[in-house]
Amino acid sequence: MVKKINTAVFISGRGSNLKSLINFSKKKNSSIVIKLVVSNNPIAKGLQYAKKSKIKNFVTLFNNKNISEKNILKKLYKNKIELICLAGFMKILSKNFIIKFKKPIINIHPSLLPKYKGLNTHKRVLKNKEVVSGSTVHLVTSKLDSGKIILQKKVNVTNSETIESLEKKILKLEHILYPKAIKKFLSSL
Ligand code: GRF
C-alpha cells in the first residue's frame with residue numbers, strides 16, 4: 001500500500017483546485033490524504049468542499065500575520081502535516097513560517113514561471129500578446145513565485161482570447177496538473 005502523506009491545502013476563495021485535490025486524495029493509489037484546509041477568508045467557497053468531505057478546516061484572518069502564522073503552525077503540528085499545497089492562497093507566508101514548518105510547501109501559479117509572477121497574470125499575458133501561457137507547480141520559498149519548478153503545462157492563447165476564457169482554460173488544465181505534480185514531487189523524495 002502507498003504511504004499517504006498528511007497534507008494541508010491553503011485557500012482564499014473559489015477552491016476549484018482544492019476540489020480537484022480532494023478528488024485526487026480519494027483515489028486508491030493517491031499519495032496524499034488531506035487532513036486540513038486553511039483559509040484566511042471565512043466565506044471562501046472552497047471551505048464548502050472541505051466541509052462536504054468532512055475535512056477539518058481552520059480559518060484565520062491574517063489581521064496579524066505573526067499571530068495567524070503561529071496559530072496555523074500549531075494546527076499543522078497537531079495534525080502531523082507533512083506537506084502544504086497552496087491553492088489560490090492570497091497571503092504571502094513569511095520566511096519564518098517556511099523555516100519553522102520545515103517540510104515542503106508547494107504552490108500552483110497560473111503562468112509559465114518565471115514569466116508573470118504575482119497577480120493579474122492573464123491580463124498581462126494578453127496585453128503582451130503572448131501566444132502561449134499555462135500553469136506552473138513549484139516549491140515555495142520566501143521569494144514570491146520563485147522556487148524550484150516541479151511541473152509546467154502550456155496552453156495556446158488565441159487571437160480572440162479574453163481574460164475570462166484564458167482563466168477558464170488554464171484552470172481546467174490546473175485540475176490535472178496539480179495532482180500530477182504532487183505525485184511527481186513525492187516520488188522524487
Ligand atoms: C488558480 O488559478 C491558481 O493557479 C492561482 O489561483 C487560482 C485559484 O483558483 N494560484 P481556485 O481557487 O483553485 O479555483
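One-based numbering, in listed order, for ligands and for the atoms of each. In this text the structure is predicted, and so the values were computed from the model without any measurement.
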Without placing hydrogens or testing angles, list every side-chain donor-acceptor pair under 3.5 Å for residues 41-50, not counting sequence neighbours.
unit_1 : atom_1 : unit_2 : atom_2 : d
N41    : OD1    : I43    : N      : 2.9
N41    : ND2    : S12    : O      : 2.8

>> Pair L36, I81 - check side chain to side chain contact (heavy atoms under 4.5 Å, CB included), show working.
In response: CA-CA 8 Å; L36 183 68; I81 300 299; 4.3 Å; yes

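Looking at E130 and R124, no side-chain N of the basic residue comes within less than 4.0 Å of a carboxylate O on the acidic one, giving no salt bridge. Salt bridge E69/K100: absent, no basic N to carboxylate O contact under 4.0 Å.
With sequence neighbours excluded, the residues that form a salt bridge (Lys or Arg N to Asp or Glu O under 4.0 Å) with R14 are E167.
Applying the ring-ring contact (aromatic ring centres under 6.0 Å, His included) definition to pairs two or more places apart or across chains, none involves residues 92-150.
If you look at ligand 1, the protein residues with a non-hydrogen atom under 4.0 Å away are R14, G15, S16, N17, G88, I108, H109, P110, L171, E174.
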